[in-house]
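Written below as structure tokens is the structure these notes are about.
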Amino acid sequence: MRLRAESQSARFNVGRQCPNLGARLYEPQRSSFKIKLLRVTDSRSDRKFGHCLWEPRVDRFRANPYGGKAMSTLQDSLIELIRRTSAEIPDDVQRAILLALEQEKQGTIAASALQIIERNVELARRKSQPICQDTGSILFYVQHPLSHDPIAFEESARGAVRIATRKGYLRQNSVDSLTGVNDGTNVGPGSPTIHFHPHRAPELDVRLILKGGGCENVGAQYSLPNEKLQANRDLDGCRKVILDAVLQAQGKGCGPGILGVCIGGDRATSYEFSKRQFLRTLPDRNPVPELDRLEQDIVKTANELGIGPMGFGGKTTLLGAKIGALNRLPASYFVSVSYMCWAFRRQGARLGPGGEIERWLY
Amino acid sequence: MIALNRPFTEEKIRALKVGDEVALTGVVFTARDAVHGYLHDGGALPPGVDLRDGILYHCGPVVLPDERGGWKVTAAGPTTSIREEPYQGAIIRRFGVRGVIGKGGMGERTLAACQAGGCVYLHAVGGAAQVLAEAIVAVRNVYFLKEFGSPEAMWELEVRDFPVVVTMDAHGRSLHQEVLAASRTALAERLKEPAHSA
Ligand code: SF4
């Protein structure tokens with residue numbers, strides 16, 4: 001493909017569908033606004049791609065609850081949340097890594113791999129640098145009171161991602177799937193992804209997961225029954241396919257890994273819910289007894305397979321497994337397995353009314 | 001821990017076996033998808049680069065300009081190697097490469113080329129960007145920077161005590177194949193028994 005890029009401006013009315021993104025464009029307090037398009041032409045096929053560079057400037061949003069000073073406080077808090085998530089592994093994960101290190105036999109390559117991992121965790125924290133160079137997909141989970149303005153929040157989050165990328169807390173990691181263009185901002189369709197969950201309480205809790213590509217690639221979704229694995233539509237069938245996912249992944253997802261699993265749902269909600277399991281801490285126990293048993297069994301059994309850190313062989317294949325269930329249609333039975341690498345980057349902050357960080361959640 | 005220093009002769013490489021931990025000191029060249037595709041399609045090495053007895057590193061480092069007009073590596077973990085499987089064997093043979101550093105292991109064709117030519121696959125710890133960046137003591141040069149962009153460019157890096165594990169050796173053994181086979185058998189055994197009760 002030979003690509004030629006040119007940029008153009010166009011004027012759009014609010015509420016119109018963007019010809020490139022398919023998304024509805026909005027901007028408070030304006031009836032129309034200018035958008036900048038990057039037109040990319042493939043000169044061999046003359047095929048045209050559109051790449052939207054529209055970025056509402058954060059400082060235009062004066063008339064929202066985060067107007068003025070609070071807006072920049074919120075943005076600063078989100079930048080700090082991103083920095084901390086990228087450079088500091090949460091305590092529960094670090095403890096699990098140390099425990100694994102104790103259990104591996106000294107002098108084995110499994111133990112050395114865990115030592116390098118442990119040293120890397122310390123070094124990243126001390127230097128305030130990304131734990132892994134793949135700073136991953138940026139997934140926000142926001143629990144907010146009913147009065148909260150999600151549009152203003154989203155703009156702050158996009159601004160924070162942009163700045164965090166410039167500061168090197170995030171790698172330039174987001175690529176236009178059609179043109180291959182990486183505009184270096186990490187902001188685009190689907191990046192960052194923000195899940196809003198309103199609740200009837202005054203707290204604003206923002207959680208962030210950075211999920212790398214290597215481990216995302218070894219995730220798997222199974223449709224039960226699965227004849228080859230002799231997995232029926234019951235918990236035993238779920239167990240078989242989950243363990244198959246561990247076997248297939250070997251060390252390729254930078255193990256020891258942590259599984260997030262969803263039983264049920266449709267294809268999309270199932271994967272989404274499997275990722276949400278990563279918000280749980282490693283030592284917590286599932287309140288549903290059957291799922292709790294399954295979680296404990298998966299970790300024990302996986303650690304008997306001898307895959308080990310990085311697939312080098314050894315006792316630590318998984319550091320944890322977290323399983324949730326959603327209702328399904330009678331016709332389908334999905335089990336979705338998301339794999340998280342040892343570089344498990346998850347953090348959260350409770351924010352005060354002015355957008356300031358009140359306390360850390362992990 | 002075995003110290004492996006330049007020059008990387010066939011004799012030293014053939015002496016390595018699966019499971020050996022190696023501290024590598026010398027020069028490595030980064031190469032990702034773009035460089036592999038280019039070399040595989042018959043592309044020439046840039047003037048001044050010789051891969052004979054050389055080592056390739058599957059890595060797209062984060063490199064920033066330093067104060068003295070040079071470069072500084074701030075993160076340099078391995079990327080998934082299996083993407084280069086279609087090209088690797090031919091490149092090992094054509095250029096006389098002695099070592100390939102990456103993560104996740106590679107397939108049959110690379111293993112055969114390692115055995116025939118005297119080359120090893122060296123596994124670095126995936127995700128350990130900071131530890132590995134510390135083992136890179138200098139950026140000696142960069143090639144194809146304009147053509148392929150920074151992560152895909154060919155960076156000539158000087159490393160000291162760079163920690164890797166031999167997971168595919170020059171005698172036809174692959175730790176990846178062995179662990180996969182053993183874990184598959186172990187799982188089949190485990191599935192015959194009831195689950196652990198909590
Ligand atoms: S899987 Fe995780 S640790 Fe491995 S390279 Fe990707 S983000 Fe880093």
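Just so we're on the same page: letters track the sequence lines, and every chain starts at 1. Note that the coordinates shown come from a computational prediction; the quantities given were computed from them, not determined experimentally.
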Query raised in the report: Between B:K12 and B:D53, does at least one N-O distance fall below 4.0 Å, as a salt bridge requires?
Result: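 No, B:K12 and B:D53 are not salt-bridged.
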Query raised in the report: Between B:D66 and B:R68, is there a side-chain N and carboxylate O pair less than 4.0 Å apart?
Result: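 B:R68 and B:D66: salt-bridged.
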Report task. Test A:E295 against every option in A:R285, A:K300, A:R280 by the salt bridge (Lys or Arg N to Asp or Glu O under 4.0 Å) rule and name the one that passes. Result ->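 Passing option: A:R280.
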Query raised in the report: Parallel under 30°, tilted from 30 to 60°, perpendicular over 60°: which one fits the rings of B:H123 and A:F312?
Result: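 Plane angle over 60°, so perpendicular.
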Report task. Using the six-membered ring wherever Trp is involved, compare the ring planes of B:F29 and B:Y143 and label them parallel, tilted or perpendicular (cut-offs 30° and 60°). Result ->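 Plane angle between 30° and 60°, so tilted.
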Taking every heavy-atom pair that is under 4.5 Å apart, which of [options] has the most such pairs with chain A?
options	value
B:A133, B:G77, B:G60, B:A75	B:G77
B:P151, B:P163, B:A182, B:G127	B:G127
B:V62, B:L175, B:L180, B:L191	B:L180

Where does [X] contact chain A at under 4.5 Å (heavy atoms): side chain, backbone, both or neither?
X	answer
B:E134	side chain
B:T185	neither
B:L187	both
B:V165	side chain

Chain B contact via [X] - side chain, backbone, both or neither, heavy atoms under 4.5 Å:
X	value
A:E304	both
A:T317	neither
A:A113	both
A:R239	side chain

Query raised in the report: Of all of A:G251, A:P130, A:G306, which one pairs up most often with chain B through heavy atoms under 4.5 Å apart?
Result: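 Maximum pair count with chain B is reached by A:P130.
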Query raised in the report: Looking at A:K240, A:E122, A:K127, A:Q248, which has the largest count of heavy-atom pairs under 4.5 Å with chain B?
Result: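 Max contact count across the listed options: A:K127.
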Requested in this report: Would you mind reporting whether A:K315 and A:N303 have side-chain heavy atoms less than 4.5 Å apart?
Outcome: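 Side-chain contact under 4.5 Å: no.
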Requested in this report: Compare all side-chain heavy atoms of B:D33 with those of B:E84 and state whether any distance is below 4.5 angstrom.
Outcome: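 Result yes, sub-4.5 Å side-chain heavy-atom pair found.
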Query raised in the report: Is the side chain of A:S191 donor-acceptor paired with the backbone N or O of A:I138 at a distance under 3.5 Å, no angle test?
Result: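 Checked: no pair found.
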Requested in this report: Taking atom types as modelled, find out whether B:E85 and B:T110 have a side-chain donor-acceptor pair closer than 3.5 angstrom.
Outcome: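 Indeed, the side chains of B:E85 and B:T110 share at least one donor-acceptor pair under 3.5 Å.
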